[in-house]
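Notes follow once the structure below has been shown.
Predicted model, so just to flag it, every value in this text is computed and none were measured.
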Amino acid sequence: MGSAQESLSAKKAFDRALEIRYKNPDSSIFLFEKSYNEYLELNDTIPAIQALFQKAFVYETRAEYAKSYDVLWKALLIMDNMQNDGLKAQNYHRLGRIYSYYKREDTSIEFQKKALQLQKEILKKNNEDDGRLSTYYYFIAATYRELNKPELGKVYLDSSYTYFKENKSYTPKAFLDFENAFYLSKSNKGQEAIKTMERIAPWFENNRPSYLVLFYKYWGDFYLDLNNLKKSKEFYLKSLKVSSDYKSHIDFTPLVYEKLSEVSLLSKNYKMAFEYINKAKELDRLFFDSRSPENRTLLEIKDDYRLEKEKQQKLIQTQHLRQLQQEDEIKNLQRIILFASIVFILIIGYFYIKNIRTKHQIEKQLIKKNKELEIKKAKELLELKNRELAASALQLIEKEEFLKDLKIKVREGDSTIKKSELNKILRSVSINNTITWEEFRLRFIEVNKEFYDKIFEKFPNLSQGDQKICALIKLNMSSKEMSKLLGISVESVHTSRHRIRKKMELSREVNLEDFINSL
């Protein structure tokens, strides 16, 4: 009977604390502590931990983060031997939120993701509805909003909407819409954000009036972004009034005063701007400065859970110290031998790898030199063959000159030679000349195959005559030498060169010889 009465007393204290936590936070803290102690005496740990959670929340809304932090670690210590991942998930989430207020982003997100993962495992294990995950995604989105990282926050808010289910998610949809309004404003959709705020404002006024501190502050921000100074100031002042009436979210008041200073500055009311910014700095030092007695313990990372674990570990070490001394010495000796062996292996490995690398570098240099030598020999051979071709071409020119003279002498020679026999001799000379030129062309293609391939590929519209001119230019022959070799006038050579330039679409600044030699 006595136990039942004590349990009823603890529950009454808890319910009464919930009822007055915004209007009278000091009494609420006292009642939550009373409820916690009574539940603990009854060995009823789950409601005891819930009492600690609520007590920590009241401290948090009053910006007494160090006290909230200590209470949460106290709850975690109690949960250490409990198999209740749901409570641990709540605790990790709350610790993560506290770290976010001090811009400890990595630690904050780490705790909140740990809470999210625990909740996923719980739902999977119990085959429960996944609507609860919406809340944990929402809290991460809210954290990124406070850290002013809208791109990351929007991702988690989208996930929160995805998992949200009416009557199955812990967090009401109005909170998600509030976060969405913030992200709309960050996407230059201020009017749309304000419409969202107007739509959800009645829900907060009726169900979460203390949250209006944040709600009005951001609403004022949206109007400020739209340069509506009058409306933004109106909402900032409403935010301060709600904070004063409910003694809630007072850590946001420095931000509100900063915004009021900005509005006053834009309104050219420099006196009020100065007063507001001084007030903001004063409150910011109180809530967040490491010199503040309220926060010193938090910034020193006072951690009862870890300290308790360290004490337990030291006790175990003291009890087994004598038994472990000999083992430690053996282990130390083994470590020294192992370390020496590793060092020895590393030294041998170093020199071995160094030797392989040196050998590899020498081989690479040798291959490179051989390749350069081969290229050099190929170039020399090509130059030699081209010189031979040039000499051959000159011989053709001399032969052509000789044949011309022969033709003239034959025509002007002995009249006793029949005309039909003369024509037969001249045709034979022309045929032999054509065959000689074809042999020269084939030899040139064989030596300069790459050159011919490029000519065919880049300029397929060149005629056979054009190709002849290009080949002779490649051999550095003059126009006069070309005319003699081809049996045409110098003017015809010039005309052919001009035709080739047009087909190649070369500008006047480009030298034809240089261009052909570059192919």
Side chain to side chain contact (heavy atoms under 4.5 Å, CB included) test vs V510 passes for just one of L512, D514, L506, namely L506
Note, K231 side chain near E234 side chain (heavy atom, < 4.5 Å):
yes
Is the number of heavy atoms from other residues, nucleotides or ligands under 6.0 Å of K238 NZ greater than 12?
yes
Smallest heavy-atom separation, L462 atom then I455 atom, equals CD1-CG2, 3.7 Å
Smallest heavy-atom separation, Q119 atom then L133 atom, equals CG-CD2, 3.8 Å
When rounded to the nearest 0.5 angstrom, what is the spacing between OH in Y99 and CZ in R94?
14.5 Å
Lys/Arg-Asp/Glu bridge criterion (N-O < 4.0 Å) met for R497, E513
yes
Quick one: does H498's side chain get under 4.5 Å of H494's, heavy atoms only?
no
Using only atom types and a distance under 3.5 Å, with no angle test, would you say the side chain of S239 pairs donor to acceptor with the backbone of F235?
no
Quick one: do I336 and F339 satisfy side-chain contact (heavy atoms from CB on, under 4.5 Å)? Show the steps, please.
CA-CA 5 Å; I336 292 169; F339 179 74; 5.7 Å; no
Sorted by chain and residue number, the side-chain hydrogen bond (donor to acceptor under 3.5 Å, both in side chains) partners of Y170 (sequence neighbours excluded) come out as R132
D130 with K165: basic N within carboxylate O range, under 4.0 Å
yes
Counting distance only, does the side-chain N/O of S261 pair as donor-acceptor with the main-chain N or O of Y257 below 3.5 Å?
no
Any chance CZ of F515 has more than 12 other-residue heavy atoms, nucleotides or ligands included, within less than 6.0 Å?
yes
Is any side-chain heavy atom of M504 less than 4.5 Å from a side-chain heavy atom of C470?
yes
Mind checking whether P172 and W203 have side chains closer than 4.5 Å, heavy atoms only?
yes
Closer than 3.5 angstrom, by distance alone: can the side chain of S232 be matched with the main-chain N or O of L229 as a donor-acceptor pair?
yes
Would you compute the distance between atom CG of L95 and atom CD of E110 and round it to the nearest 0.5 angstrom?
11.0 Å
Counting N and O atoms only, with roles assigned by atom type, does the side chain of Y236 sit under 3.5 Å from a partner on the main chain of D221, one being a donor and the other an acceptor?
yes
Run K120 and L116 through side-chain contact (heavy atoms from CB on, under 4.5 Å) and show every step you take.
CA-CA 6 Å; K120 286 182 178 180; L116 174 62; 4.0 Å; yes
Between CD on residue E505 and CZ on residue F459, distance to nearest 0.5 Å
8.5 Å
Starting at CD of Q361, measure out to CD1 of I356 and round the result to the nearest 0.5 Å.
12.5 Å
Quick check: does any side chain N or O of N91 sit under 3.5 Å from a backbone N or O of L72, one acting as donor and the other as acceptor?
yes
Under 4.5 Å between any side-chain heavy atoms of L260 and L240, yes or no?
yes
Quick one, E121 with K124, criterion salt bridge (charged side-chain N to carboxylate O under 4.0 Å, His left out). Give me CA distance, side-chain angles, the key distance, then yes/no.
CA-CA 5 Å; E121 291 171 3; K124 184 178 180 181; over 6 Å; no
Step through the shown structure and confirm whether more than 12 heavy atoms of other residues, nucleotides or ligands are within 6.0 Å of NZ on K233.
no
Considering residues, nucleotides and ligands other than N188, do more than 12 of their heavy atoms fall under 6.0 Å from its CG?
no
From the list Y211, W219, Y216, ring-ring contact (aromatic ring centres under 6.0 Å, His included) partner of F204 resolves to Y211
Neighbour count >12 (heavy atoms, 6.0 Å) for atom NZ, K503
yes
Any chance the side chains of T143 and Q112 put a donor and an acceptor closer than 3.5 Å?
yes
Side-chain H-bond candidate by donor/acceptor type, Y218 with R145, under 3.5 Å
yes
Evaluation steps, side-chain contact (heavy atoms from CB on, under 4.5 Å), between L283 and I250
CA-CA 9 Å; L283 292 173; I250 59 175; over 6 Å; no
Check step by step if side-chain contact (heavy atoms from CB on, under 4.5 Å) holds for K259 and E262.
CA-CA 5 Å; K259 289 295 183 179; E262 186 179 343; 3.8 Å; yes
Presence of salt bridge, R97 and E60, under 4.0 angstrom
no
Are E151 and K186 ion-paired here, with the side-chain N under 4.0 Å from a carboxylate O?
no
Mind checking whether L346 and I342 have side chains closer than 4.5 Å, heavy atoms only?
yes
Any chance you could measure W73, atom CH2, to L76, atom CG, to the nearest 0.5 Å?
5.0 Å
Taking atom types as modelled, is there a side-chain donor on Y137 or Y161 under 3.5 Å from an acceptor on the other?
no
Strictly distance-based, threshold 3.5 Å: is any side-chain N or O of S479 a donor or acceptor partner for the main-chain N or O of V493?
no
Correct closest heavy-atom pair for H93 and A115 would be N-CB, 3.7 Å
Taking the six-membered ring of F111 as reference, does the cationic atom of K114 (NZ for Lys, CZ for Arg) lie under 6.0 Å from its centre and within 45° of its axis?
yes
Any ion pair linking E457 and K454 (charged N to carboxylate O, less than 4.0 Å)?
no
May I ask you to test the E179-F175 pair for a side-chain heavy-atom distance under 4.5 Å?
no
Counterpart residues, side-chain hydrogen bond (donor to acceptor under 3.5 Å, both in side chains), relative to D158 (two or more places apart)
K154
Which heavy-atom pair separates K113 from I140 by the least distance, and what is that distance?
CG-CD1, 4.3 Å
If you take all heavy atoms of A193 and L184, which pair is closest and at what distance?
CB-CB, 4.1 Å
Any chance you could measure S478, atom OG, to K480, atom NZ, to the nearest 0.5 Å?
8.0 Å
Specify the closest pair of heavy atoms between A89 and Y136, including all atoms of both residues, with the distance to one decimal.
CB-OH, 3.8 Å
Are S489 and S492 linked by a side-chain donor-acceptor pair shorter than 3.5 Å?
yes
Side chains of S134 and S160: is there a donor and an acceptor less than 3.5 Å apart?
yes
Go through the side-chain N and O atoms of S463 and D466 and say whether any donor and acceptor fall under 3.5 Å apart.
yes
Within the structure provided, determine whether K281 and E258 are in side-chain contact (heavy-atom separation under 4.5 Å).
no
